[in-house]
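All residue numbers in this chain count up from 1 along the given sequence.
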Amino acid sequence: MDKRDLAFDKVNYILLAVGMAVVVVGFLLMSGAGSTETAYNPDIFSVRRIKVAPLVCLAGFVSMIYAVVRKPKDKEEV
C-alpha cells in the first residue's frame, strides 16, 4: 500500500490522539461526588464542573474535527 493512498498522515493521527486526550481530561474534570437524597453537595455547581470542563471538552472536539479535516501535505516524488 502506497502512502499516497492513505487519507491521514502521521500528524493527523497525532492531532486526533491529542484531541481525544483533551476530551478525556475534560470529562475527568466534570466528575466528582454528587448529591444524594440525604446530603446536598454544593460542589456540583463549582466553576470547574460548570464552566472549565465543558470548555476543555469543546476544545478537544474542535481539535479532533481539525485533525479529520486537515489535508496531509503531499510530498514530491524523487
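V23 is connected to L16 through a chain of hydrophobic side-chain contacts under 4.5 Å among Ile, Leu, Val, Met, Phe, Trp and Tyr, so both are in one cluster. Linking Ile, Leu, Val, Met, Phe, Trp and Tyr whenever their side-chain heavy atoms come within less than 4.5 Å puts F61 and M20 in one cluster. With hydrophobic clusters built from ILVMFWY side chains whose heavy atoms lie under 4.5 angstrom apart, V11 does not share a cluster with V69. Grouping the Ile, Leu, Val, Met, Phe, Trp and Tyr side chains by contacts below 4.5 angstrom, directly or via other members, places V52 with V25.
Judged purely by atom type and a 3.5 angstrom limit, N12 has no side-chain atom pairing as donor or acceptor with the backbone of V68. Side-chain N or O atoms of R48 include none that pairs as donor or acceptor with a backbone N or O of A53 at under 3.5 Å. Side chain of D9 to backbone of P72: no donor-acceptor contact under 3.5 angstrom is found.
Ring planes of Y13 and F8: perpendicular class, angle over 60° (limits at 30 and 60°).
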- Item | Verdict with supporting geometry, S31 and R49, side-chain contact (heavy atoms from CB on, under 4.5 Å) | CA-CA 8 Å; S31 67; R49 287 185 177 183; over 6 Å; no
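In terms of heavy-atom proximity, S35 sits nearest to I44 at OG-CD1, 3.8 Å. Nearest heavy atoms, S63 versus G19: OG-CA, 3.2 Å. Of all heavy-atom pairs spanning N41 and G34, the tightest one is CB-O, 3.9 Å.
Between M30 and C57 the shortest side-chain heavy-atom distance falls below 4.5 Å.
Shown here is M64, whose CE atom has more than 12 heavy atoms of other residues, nucleotides or ligands within 6.0 Å.
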